[in-house]
Amino acid sequence: MPDSIQRAVDVLKAGGLVGMPTETVYGLAADANNVAAINKIFSSKGRPSGHPLIVHIAQPEASVANDQQASAIAWREILSQWSRDVSPEALILANKFWPGPLTMILPKAKNVLSEITGGQETVGVRCPQHPVAQDLLKAFGGGLAAPSANRFGRISPTTAEHVREEFPGNEVLVIDGGPCDVGIESTIVDLTRLDTHGALILRPGAITQAMIDQALNPNSETDGLATKTRSTISESNLSVPRVSGSLSAHYAPKTKLLVYDPKNANTTFSEVNEVAGFKKIAWVHFPQAQLSLRNVTKELVLPVESKSLARELYAMLRHLDSLNVDCIFFEQLPDGIEWDAIRDRLGRASVGSGM
Ligand code: TXA
Ligand code: MG
């Protein structure tokens, strides 16, 4: 076992915190069965208690083999440690998308700490794909509770260096697993209300609703059960559990972030600038954008491929935030579902920015 993994296991066993690389973002990991360790996550992040944490699990050996049934049995066994009722749907999604950027909300097992669930009857579970996360989980031999390794309300870290910026003391041992490949947090799908709501996405991510519906209803020509039932419910009778990532002001840079529609960019800009009188502006746009803005001190051209932008977005926002400009003027993202999760994060970043 590499030294870095052994050291991290020692820290976790002693109730400490580890900055863990995953394919989505870096996590701030602690032993999911140690109350004191879990409390450290909340105090280090400045996260209000009551916001539930995701439990990360290792991929069971048997699920690696190309045998769907053996694999489902293996997933059931490991998931039963965390959930009292592992539905067939949960096993289908585990088989299809784990290890990977998908978190499932399941009915919690009795022994799951209420510090993890925020006192709710449900628990979020994810099997991450990053090889370092897998090595750590296997060597540790238990579940790791891990929120994104940023201070509450700030941008999620996608490199080890970002984690060190967030926690500059020595309270967190950071393992460097390189830059995160996906770059935005996992999709969260709620499977606790399948009868009434279907498989309900609480936070969009790389695994889309269409991919989930397709996995659960491979033969249906029209929309799957999930989609049909979802459309019959209204916002008002939908009591979504507490998801801190669902607060509108989240993932936010300190610098004012303005997302503009290129069709009326000049008007938007002059209206805002008249009030604020920006002296230094970072302009972020797709290739071919044409605008004549005053006071642009930094210009960044966005990748045209959604996966590339997801991978780069948080590092880009962190970098722009460090430039001490008055405003980040950011071209809005194209339509299309492949941009949905990034649009969601950019929107939240914009709402919480400049505070
Ligand atoms: O990609 C990810 O999911 C990353 C990496 C580290 O795995 N983790 C992450 O954790 O984004 P965090 O805590 O920053 O966001 C997890 C979200 C929170 O908004 C939390 O409220 C929600 O998951 N969550 C966790 N358990 C839940 C539950 N039982 N019911 C509803 N939401 C839950
Ligand atoms: Mg987070």
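One-based numbering, in listed order, for ligands and for the atoms of each.
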**Item:** Pairs involving residues 321-332, ordered by first then second residue, that meet side chain to side chain donor-acceptor pair (under 3.5 Å) (sequence neighbours left out)
**Value:** Thr255-Asp321

**Request:** Output, in order, the C-alpha distance, side-chain angles, deciding distance and verdict of salt bridge (Lys or Arg N to Asp or Glu O under 4.0 Å) for Arg318 and Glu166.
**Result:** CA-CA 11 Å; Arg318 256 172 207 273; Glu166 295 287 316; 3.0 Å; yes

Would you mind running through ligand 1 and noting each atom that sits below 4.0 Å from a heavy atom of [X]?
X      : answer
Gly124 : 26 (N), 29 (N)
Ile188 : 17 (C), 22 (C), 23 (O)
Thr122 : 28 (C), 29 (N), 30 (N)
Ser186 : 1 (O), 2 (C), 3 (O)
Gly27  : 6 (C)
Thr24  : 1 (O), 2 (C), 4 (C), 5 (C)

**Asked** If we only count N/O pairs under 3.5 Å, is Thr22 in contact with ligand 1?
**Response** no

**Asked** Looking at ligand 1, does any of its N/O atoms fall within less than 3.5 Å of an N/O of Tyr26?
**Response** no

**Item:** Proximity to ligand 1 by part of Arg203, non-hydrogen separation under 4.0 Å
**Value:** side chain

**Message:** Heavy-atom pairs closer than 4.0 Å: do any link ligand 1 to the side chain of Val123, the backbone, both, or neither?
**Reply:**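 Backbone only.
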
**Request:** Report yes or no: do Glu115 and Ser49 form a side-chain donor-acceptor pair below 3.5 Å?
**Result:** no

**Request:** For this output row, return yes or no: ring centroids of Phe329 and Tyr260 closer than 6.0 angstrom.
**Result:**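 Close enough - the centres of the two rings lie under 6.0 Å apart.
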
**Item:** Phe152 ring center within less than 6.0 Å of His51 ring center
**Value:**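 Ring-ring flag for His51/Phe152: true, centres closer than 6.0 Å.
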
**Prompt:** More than 12 non-hydrogen atoms from neighbouring residues, nucleotides or ligands closer than 6.0 Å to CD on Gln69, yes or no?
**Reply:** no

Kindly list each side-chain donor-acceptor pair under 3.5 angstrom involving residues 95-105, sequence neighbours excluded, with atom names and distances?
residue : atom : partner : partner atom : Å
Asn95   : OD1  : Ser71   : OG           : 2.5
Asn95   : ND2  : Gln68   : O            : 3.3
Trp98   : NE1  : Leu102  : O            : 2.8
Thr103  : OG1  : Ser186  : OG           : 2.8

**Prompt:** When you measure from atom 12 (P) of ligand 1 to each heavy atom in Ser148, Pro52, Pro128, Ala146, which option holds the nearest one?
**Reply:**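 The nearest heavy atom belongs to Ser148.
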
**Asked** Among His51, Lys45, Arg47, which one has a heavy atom closest to atom 13 (O) of ligand 1?
**Response** Arg47

**Trace of the side-chain contact (heavy atoms from CB on, under 4.5 Å) decision for Val172 with Val18** = CA-CA 5 Å; Val172 179; Val18 167; 5.8 Å; no

**Request:** Check whether any heavy atom of Thr117 sits under 4.0 Å from an atom of ligand 1.
**Result:** no

**Asked** Is the closest heavy-atom distance from His56 to ligand 1 below 4.0 Å?
**Response**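 Contact check His56 vs ligand 1: positive.
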
**Asked** Hey, which of Arg203, Arg345, Arg126 is the one that makes salt bridge (Lys or Arg N to Asp or Glu O under 4.0 Å) with Glu185?
**Response**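 Only one option passes, and that is Arg345.
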
**Request:** Please determine if the Mg ion (ligand 2) has an N/O/S atom from Ser148 lying under 2.8 Å away.
**Result:**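 Yes, within the cut-off.
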
